[in-house]
Amino acid sequence: MNGAQILVEMLKAYRVEWVFGVPGDTSLPLYEALHSAFPAIRHILARDERSATFMADAYARLAHKPGLCECPSGAGPLYSVPGIAEANASSIPVILITSDIALAGEGKQTITELDCQKLFDSITKWSTVLKSVAKVPEVVRRAFRIATTGRPGAIHLAFPKEVMTGELAEDGFNLYAETECAAYPAYRTRGARGELEKTADDLIGARRPMIIAGGGANHSQAAKAIADLAEWLLIPVATTISGQGLIADDHPLALGVIGDNGFHPHAHQAIEESDVLLYVGCKMGSVSTINWTMPSRKPDRKIIQIDLNPETLGNNFKNTLSVAGDARLIMEDLSVLIRSKTPRRTDTARIDGLNRERARFWEAAESEFVSEKTPLKPQRIIAALNKRMPDVSIVIADAGTPTPYTTRYLKLRGNGSRFLIPRAYGGLGYAIPAVVGAHLARPDARLIGLFGDGSLGMSAGELETLVRLNIPAVLIHFNNSMFGWIKCLQKLHSDEKYLSVDFTPGRPALVARGFGMKALEIQTAAELERGLDEAFAQNGPIFLDVVSETEVDQLPPVYTWQRAAEKLGKSR
Ligand SMILES: Cc1ncc(C[n+]2csc(CCOP(=O)(O)OP(=O)(O)O)c2C)c(N)n1
C-alpha cells in the first residue's frame, strides 16, 4: 500500500464518510486512493478551499465528529486559513490534509513550496509534516486524539509526495482507529465531587439563580441535562449566540440570547438581578459580557463557571467557584445531586415575573413582524421564517444584518434544531458553504442560510456546489447593496464619512440562476410570504434575493451601538 492508501484506510477506520476539498497538481495519489474508497468515503468538491474548510467545520458542529478537508500545496493551504482558524478558535475538530510538494524539492524554489507547518502553527492545536510512510497510522491517530480531546480544535497534516506515494508492506496490524476519538468530545471528564457539592448547594440556596449556556454546552450536547436541572429548581436559562437553541425558545424558562449582538433586554435584566450565575461552556468573552461589563460587580453575587478547559476558568471574571469538566456530565451529575438534596421547586413567582417581561418584549416587536414597509424589515423576514421552519431546521447565519436579527427573533423549537454561526472571527462567506457540510451531517434537516451581499460576494461560487448536490436549502440573501454593518459604524463613529462601503446594485438572482438554481427576486411583504411558501415546498436549493432595510436606516439591536447612538443624539 502507498501512503495515500494507508491514510484513506485510516480514515475509513475512523468512520469518516465525507472529505471536503479542492484538487491540485499534488493531489493525484490521494484522489486515486479516495476514488477506490467510494462509497465508504465520499469526496465533496468545493469551489474554494476556504469553503471546504467551512463545510468541514459545519459538518463537525452537527455530526459531533471531526470534519475532514483536503487541499493541494501552496495556494490550497493559503486559501484554507479562514476555516481552520475559525474551527480552532471555536473548539471544533477539523482535520486538514495538505498534499505537499516532494521533500526532495524543499528549499529549491519548487513551485507552490510553502512552510505549511509554520503557516498553521498559530491557528491549530497541532500542525505537522509527515516524514515517513511508516508513521502515517500513528500520526493519524494522534491527529484525531488531539482534535477531539481536551478543548477540541483544528489539526493540519502535510503529506509530502514521498509520503503519499511511498510503499509500505502493511500487514494490517497497525491500521486501526482509536474509536473513542472518532467523535467528540472524546474522553469526557466529570467534575470534582467537592466542587459539584458546592455548586449544588449554591444553586439550592440561591434566591435568584440563573444559567447561562454557551457554545461549549452545544458541543457537549448538554441541552437535555441543562433543561432537567433548570426545570427541577425553576432556574431561568439564557444563552450566548453560540448556545442559541440549547433550550427551546418557547420554553417557560428560556429567556433568550444575552450579550452585545441581538440581546434580549429581559435576559440582561435577569442577569443583573441574579444572586447566583452559573455559566456553562461559555468563555465569557467580549460579546456575551458586553466588553466584560455584564454581569456588573456585586459583592454578594456568586459566579460559577463550568468549562472543560481549565485555562478558561476565571480568566475574565472573578469566579466564586470554577468547575473543570464536560458540560453534559457535570450538569447530569448536578441534577442527580440536587434531586437527592431538595424536592422539585413549585413556586413560579419569579419565573412568572420574568415571563411577563418576556411577553411585553415580544408584543412590542409584533408591529415589526407584520410591517409592510419596503425595503423589507429584517424582523419581518425572520418572523416569516419562524412561521414556516419545520422540525428539524438548521439555520446558518453570516455576519452583517442576519446576526443581530436572528439572535434576537429566530425561534428554534428544540427537537434537534440548531443555529450555526462562526463567532470566533465572524468571517463573511460562511453560511453558503456551511449549508453543504450541515446537510451531510443532518440530511433529515431543512437547511436555511442567511447572508448579506458582502458574504454573497465571497461565497457565490458555492451556489454551484448546492446545485450539484441538490441540497434542500432555503438561501435568504439580505440585499442592501452595501457593507451595511461597517457603513453603520462609520455613521456612528466617523461622522458619516463613508468610505468603501457601497456596492453597485445588481441582480444577484441572475447569478444563482446562472448556476442552475431557482431564484426569486423579492421586494414586498406579499412577495416574501409567497416566496417562502414556494421555497419550503421545494426539494432542492432555492435563492431568495430579498431587498432589505439597511443598518444605516434602522439601527439594529446591538447594545453598544444603541448606547453610541444615544450619546450621539445627546451631543447634537
Ligand atoms: C472576511 C471578512 N472581512 C471583513 C469583515 C468585516 N465585516 C463585518 S460585517 C461587514 C459588512 C457585512 O456586509 P454584508 O454582508 O453586505 O451585510 P450587511 O451588513 O450589509 O447586512 C464586514 C465587511 C468580516 N466580518 N469578514
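The basis for the numbers below is simple: all heavy atoms, side chains too, and nothing from hydrogens, waters or symmetry mates.
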_Any non-hydrogen side-chain atom of V140 less than 4.5 Å from a side-chain atom of Y14?_
yes
*Grab the two heavy atoms, one from A519 and one from R513, that are nearest each other, plus how far apart they are.*
O-NH2, 2.9 Å
*Polar side-chain atom of R141 near backbone of Y176 as donor-acceptor pair, under 3.5 Å*: yes
*Is the side chain of Q244 donor-acceptor paired with the backbone N or O of T239 at a distance under 3.5 Å, no angle test?*
no
*Are W485 and V501 close enough that some pair of their side-chain heavy atoms sits under 4.5 Å apart?*
no
*Given side-chain contact (heavy atoms from CB on, under 4.5 Å), test I381 with V546 step by step and report yes or no.*
CA-CA 9 Å; I381 301 169; V546 185; 3.7 Å; yes
*Specify whether F451 and F543 have parallel, tilted or perpendicular ring planes, treating 30° as the upper limit for parallel and 60° as the lower limit for perpendicular.*
tilted
*Verify, without hydrogens or angle tests, whether T407 (side chain) and P404 (backbone) share a donor-acceptor contact under 3.5 angstrom.*
yes
*With sequence neighbours left out, what residues match T550 under side-chain contact (heavy atoms from CB on, under 4.5 Å)?*
N480, M482, V552, D553
*Donor-acceptor under 3.5 Å (T26 side chain, S99 main chain)*: yes
*List for me each residue that meets side-chain hydrogen bond (donor to acceptor under 3.5 Å, both in side chains) alongside K12, sequence neighbours excluded, and say none if there are none.*
E9
_Taking the basic N atoms (NZ, or NE/NH1/NH2) and the acidic carboxylate oxygens, is any pair closer than 4.0 Å for K135 and E138?_
yes
*Does some side-chain heavy atom of Y279 sit less than 4.5 Å from a side-chain heavy atom of I306?*
no
_Within the structure provided, determine whether F515 and E462 are in side-chain contact (heavy-atom separation under 4.5 Å)._
no
_Neighbour count above 12 (heavy atom, 6.0 Å) for N539 CG_ = no
*Check the pair T189 / L329 against side-chain contact (heavy atoms from CB on, under 4.5 Å), numbers first and verdict last.*
CA-CA 8 Å; T189 50; L329 294 185; over 6 Å; no
*Taking only residues two or more places apart in sequence, or in another chain, which ones meet Y498 in a side-chain hydrogen bond (donor to acceptor under 3.5 Å, both in side chains)?*
none
_Quick test of your reading of the model: are K487 and D502 salt-bridged, counting only N-O distances below 4.0 Å?_
yes
*Is D326 paired with R328 through a side-chain N to carboxylate O contact shorter than 4.0 Å?*
no
_Measuring only between side-chain heavy atoms, which start at C-beta, is E32 closer than 4.5 Å to L34?_
no
*Between T289 (side chain) and G285 (backbone), is there a donor-acceptor pair under 3.5 Å?*
yes
_Hydrogens and angles aside, do T128 and R142 bring a side-chain donor and acceptor to less than 3.5 Å of each other?_
no
*Using modelled atom types only, decide if a donor and an acceptor are shared between the side chain of E113 and the backbone of G107 within a distance under 3.5 Å.*
yes
*asked:* We want to know whether D121 and S127 form a side-chain donor-acceptor pair, criterion being a heavy-atom distance below 3.5 angstrom.
replied: no
*More than 12 heavy atoms of other residues, nucleotides or ligands under 6.0 Å from NE2 of H35: is that the case?*
no
*asked:* Hydrogens and angles aside, do T112 and S73 bring a side-chain donor and acceptor to less than 3.5 Å of each other?
replied: yes
_S27 (side chain) donor-acceptor with P72 (main chain) under 3.5 angstrom_ = no
*Are any non-hydrogen side-chain atoms of Q305 and M284 less than 4.5 angstrom apart?*
yes
*Could you verify whether a donor N or O on one side chain and an acceptor N or O on the other, from N479 and R507, lie under 3.5 Å apart?*
no
*Do the non-hydrogen side-chain atoms of L385 and L532 ever get within less than 4.5 Å of each other?*
yes
*Just grab all the ring pair (Phe, Tyr, Trp, His ring centres under 6.0 Å) pairs involving residues 94-117, residues at least two apart or on different chains.*
none
For residues 84-97, dump all side-chain donor-acceptor pairs below 3.5 Å to protein atoms at least two apart in sequence or in another chain.
{"from": "E86", "atom 1": "OE1", "to": "Y425", "atom 2": "N", "distance (Å)": "2.9"}
{"from": "E86", "atom 1": "OE2", "to": "S90", "atom 2": "OG", "distance (Å)": "2.7"}
{"from": "E86", "atom 1": "OE2", "to": "R423", "atom 2": "N", "distance (Å)": "3.3"}
{"from": "E86", "atom 1": "OE2", "to": "A424", "atom 2": "N", "distance (Å)": "3.0"}
{"from": "N88", "atom 1": "OD1", "to": "K125", "atom 2": "N", "distance (Å)": "3.4"}
{"from": "N88", "atom 1": "OD1", "to": "A154", "atom 2": "N", "distance (Å)": "2.9"}
{"from": "N88", "atom 1": "ND2", "to": "I123", "atom 2": "O", "distance (Å)": "3.4"}
{"from": "S90", "atom 1": "OG", "to": "E86", "atom 2": "O", "distance (Å)": "3.2"}
{"from": "S91", "atom 1": "OG", "to": "R151", "atom 2": "NH1", "distance (Å)": "2.7"}

*ring pair (Phe, Tyr, Trp, His ring centres under 6.0 Å) partners of residues 79-127, not counting sequence neighbours, each pair once*: F120-H156
*Apply ring pair (Phe, Tyr, Trp, His ring centres under 6.0 Å) to F54 and F20, showing your working.*
CA-CA 9 Å; F54 286 152; F20 305 92; over 10 Å; no
*Is the backbone N or O of L78 less than 3.5 Å from a side-chain atom of R50, with the two atoms forming a donor-acceptor pair by type?*
no
*In plain terms, say whether R145 and E180 are close enough for a salt bridge, that is, a side-chain N and a carboxylate O under 4.0 Å apart.*
no
Which atom pairs, donor and acceptor, lie under 3.5 Å between side-chain atoms of residues 393-402 and protein residues at least two apart or in another chain?
{"from": "S393", "atom 1": "OG", "to": "P390", "atom 2": "O", "distance (Å)": "2.5"}
{"from": "D398", "atom 1": "OD1", "to": "G429", "atom 2": "N", "distance (Å)": "3.4"}
{"from": "D398", "atom 1": "OD1", "to": "Y430", "atom 2": "N", "distance (Å)": "2.9"}
{"from": "D398", "atom 1": "OD1", "to": "A431", "atom 2": "N", "distance (Å)": "3.3"}
{"from": "D398", "atom 1": "OD2", "to": "A431", "atom 2": "N", "distance (Å)": "3.2"}
{"from": "D398", "atom 1": "OD2", "to": "S455", "atom 2": "OG", "distance (Å)": "3.2"}
{"from": "T401", "atom 1": "OG1", "to": "E551", "atom 2": "OE1", "distance (Å)": "3.4"}
{"from": "T401", "atom 1": "OG1", "to": "E551", "atom 2": "OE2", "distance (Å)": "3.3"}

*Closest approach of L68 and W18, non-hydrogen atoms and distance?*
CB-O, 3.8 Å
*Using modelled atom types only, decide if a donor and an acceptor are shared between the side chain of N316 and the backbone of K283 within a distance under 3.5 Å.*
yes
*Is there a donor-acceptor contact under 3.5 Å from the side chain of Y184 to the main chain of H219?*
no
*Could you list the residues that satisfy side-chain hydrogen bond (donor to acceptor under 3.5 Å, both in side chains) with N2, not counting sequence neighbours?*
none
*Looking at residues at least two apart in the chain, or sitting in another chain, which of them share a salt bridge (Lys or Arg N to Asp or Glu O under 4.0 Å) with K518?*
E534
*Can you name the residues that form a side-chain hydrogen bond (donor to acceptor under 3.5 Å, both in side chains) with T312, not counting sequence neighbours?*
N309
Distance-only criterion, 3.5 Å: show the donor-acceptor pairs between side-chain atoms of residues 466-478 and protein atoms not counting sequence neighbours.
{"from": "R468", "atom 1": "NE", "to": "E464", "atom 2": "OE1", "distance (Å)": "3.4"}
{"from": "R468", "atom 1": "NE", "to": "E464", "atom 2": "OE2", "distance (Å)": "3.0"}
{"from": "R468", "atom 1": "NH1", "to": "L45", "atom 2": "O", "distance (Å)": "3.1"}
{"from": "R468", "atom 1": "NH2", "to": "L45", "atom 2": "O", "distance (Å)": "3.1"}
{"from": "R468", "atom 1": "NH2", "to": "E464", "atom 2": "OE1", "distance (Å)": "2.9"}
{"from": "R468", "atom 1": "NH2", "to": "T465", "atom 2": "OG1", "distance (Å)": "3.3"}
{"from": "H477", "atom 1": "ND1", "to": "D545", "atom 2": "OD1", "distance (Å)": "2.8"}
{"from": "H477", "atom 1": "NE2", "to": "D453", "atom 2": "N", "distance (Å)": "3.4"}

*Please assess T240 against V287 for the test side-chain contact (heavy atoms from CB on, under 4.5 Å), listing each intermediate value before the final yes or no.*
CA-CA 9 Å; T240 65; V287 175; over 6 Å; no
*State, yes or no, whether a side-chain contact exists between V163 and S132 at a heavy-atom distance under 4.5 Å.*
no
*List in chain and number order the residues that pass salt bridge (Lys or Arg N to Asp or Glu O under 4.0 Å) with D391, two or more places apart in sequence or in another chain; answer none if no residue qualifies.*
R413
*asked:* Looking at K65, I'd like to know if its NZ atom is crowded, meaning that more than 12 non-hydrogen atoms belonging to other residues, nucleotides or ligands lie closer than 6.0 Å.
replied: yes
